[in-house]
Amino acid sequence: MKRIVVLGSTGSIGRQTLDIVRAFQDEFEVVGLAAGNNIELLKEQVKEFSPKHVCCINPPAKAFSGMEFTSMEDMVCLEDVDQVMVALMGSVGLVPTLNALKAGKSVALSNKEPIVMAGGLIKEYESRYGGEVLPVDSEPSAIWQCLRGEDNEILRLLITASGGPFRNTPLEEMEGVTPERALQHPTWKMGRKITIDSATLMNKAFEVIETHWLFNVPWERIEVVVHPQSTIHSMVEFGDGSVKAQMGPPDMRLPIQYALFYPKRLPNTMIPRLDTSISQTLTFDPMEPGRFPCFELAVSAGKQGGTYPAALSASDEVAVQAFLDSKIGFTDIPKVIDRVLTEHDSQPGDKVEDFLEADRWATVRAIELTNS
Ligand SMILES: NC(=O)c1ccc[n+]([C@@H]2O[C@H](COP(=O)([O-])OP(=O)(O)OC[C@H]3O[C@@H](n4cnc5c(N)ncnc54)[C@H](OP(=O)(O)O)[C@@H]3O)[C@@H](O)[C@H]2O)c1
């Protein structure tokens, strides 16, 4: 039986992780659950899964009587934990991820911001302390699956992108995009922040950075291809020109389950199957240059390294929230991020404090910019 902790249990990935646990009740013991502010749902989850440890931002006096209230940073290190699912949103996942690796745990990492911020440090902790990072995000998971059993030269990692809701929108309409419109993702149902990141294609740049660190592949060998059907989740081209693709319905429970049971693939009737009884066309297009300024800004910050990616991630988090709160427009998101990155005094980023300080500074600066 695998003993797990789920950080971010009330979110989109956290709830789908618990769907898998529910489907394989004999395989898991839930040792701890951590959430933010959704106390009602956390209470329901606690009742159903009876974890020993619980955590949330502002614990109400009575909700969890008789339970141990344990910080996320400590929960991931508990001796009776085998695997940690990090399904938090934003930079808050960095320290728990590092702590889990330091304690030698297996970390199923959905939360992409920590690896964007500090990918080098996460990989260093993984090799130094013996923990492991398993990708959950569907594109890195697809690459991981394609690389399984391969010890061959990689020519290219091809990350697929749906292109989001504004792939074909006339550029002059982008300024007037509302949060409601940007929240309509054509193929995936996700949390609000990642849905906006998908509309700006920031999310795709995050995946490029994530992939670079997870698989130690040079930047110039990572490409993005627009594939609106979201059926192929990514591809790997090997030295002989052969291309392997991982396909499946756009359902996050598939890569979640793969990370939880790796290396096994267990049948799960809850996950829909690829429908080959209907005629379908799969298409590939190059990304249109200039359409998605967030993508270009972010990949450039990733390549510059140091603490630029931490400043990028923090300023994006603030700018996206400001857009959702209707404080700034859709096309202001890259402007805020660009300004923060231009002003950022990047540090080498060899210790966690450098990344946390860059995150703090960029958050404050982006808040100033979005309030002005
Ligand atoms: N959703 C997807 O399909 C998908 C796909 C690939 C990758 N990802 C990545 O996975 C991560 C999670 O995405 P999501 O869509 O599941 O996000 P989400 O629905 O917004 O859920 C975020 C979770 O984190 C919790 N949380 C936020 N701030 C917290 C804090 N300060 N302390 C403790 N808990 C906190 C939230 O708690 P409350 O709700 O209780 O406040 C919630 O449980 C993101 O990094 C995203 O990029 C998501």
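All ligand and atom numbering here is 1-based and tracks the order in the structure.
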Peer 1: Tell me which one of S91, S12, C55, G36 gets a heavy atom nearest to atom 19 (O) of ligand 1.
Peer 2: S12

Peer 1: Has D82 got a side-chain atom pairing as donor or acceptor with R3's backbone, closer than 3.5 angstrom?
Peer 2: yes

Peer 1: Using heavy atoms and a threshold below 4.0 Å, how should the contact between M190 and ligand 1 be classified: side chain, backbone, both, or neither?
Peer 2: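 For M190, the contact with ligand 1 is made by both the backbone and the side chain.
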
Peer 1: May I ask you to check whether Q246 and R148 show a side-chain donor-acceptor distance below 3.5 Å?
Peer 2: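 No pair is found: no donor N or O on one side chain lies under 3.5 Å from an acceptor on the other.
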
Peer 1: Is it true that the side chains of E132 and S106 contain a donor and an acceptor less than 3.5 Å apart?
Peer 2: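 Looking only at side-chain atoms, S106 and E132 do form a donor-acceptor pair, the distance falling under 3.5 Å.
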
Peer 1: Non-hydrogen atoms of A87 versus ligand 1: any pair closer than 4.0 Å?
Peer 2: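 The answer is yes: ligand 1 sits under 4.0 Å from a heavy atom of A87.
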
Peer 1: What residue and atom, counting heavy atoms only, is the protein's closest point to atom 43 (O) of ligand 1, and at what distance?
Peer 2: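 For this ligand atom, the closest protein heavy atom is T10 OG1, 2.7 Å.
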
Peer 1: Considering S9, A34, G11, S110, which one's heavy-atom position lies nearest to atom 21 (O) of ligand 1?
Peer 2: G11

Peer 1: Out of T17, L33, D137, who gets a non-hydrogen atom closest to atom 7 (C) of ligand 1?
Peer 2: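 Going through T17, L33, D137 one by one, D137 has the nearest heavy atom to atom 7 (C) of ligand 1.
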
Peer 1: Quick one: do the E317 and S313 side chains pair a donor with an acceptor below 3.5 Å?
Peer 2: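 Short answer, no.
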
Peer 1: Atom 30 (C) of ligand 1: which protein heavy atom is closest, and how many Å away?
Peer 2: I57 CD1, 3.6 Å

Peer 1: Could you name the option among L88, I13, I194 that has the heavy atom nearest to atom 44 (C) of ligand 1?
Peer 2: L88

Peer 1: Output yes when a side-chain donor or acceptor of R291 lies under 3.5 Å from a complementary backbone atom of R167, and no otherwise.
Peer 2: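 The answer is yes, because a donor-acceptor pair under 3.5 Å joins these two groups.
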
Peer 1: Please state which part of L7 comes within less than 4.0 Å of ligand 1, counting heavy atoms only: side chain, backbone, both or neither.
Peer 2: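 L7 to ligand 1: no contact under 4.0 Å from either part.
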
Peer 1: Quick one: does E113 get a heavy atom under 4.0 Å from ligand 1?
Peer 2: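 Yes.
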
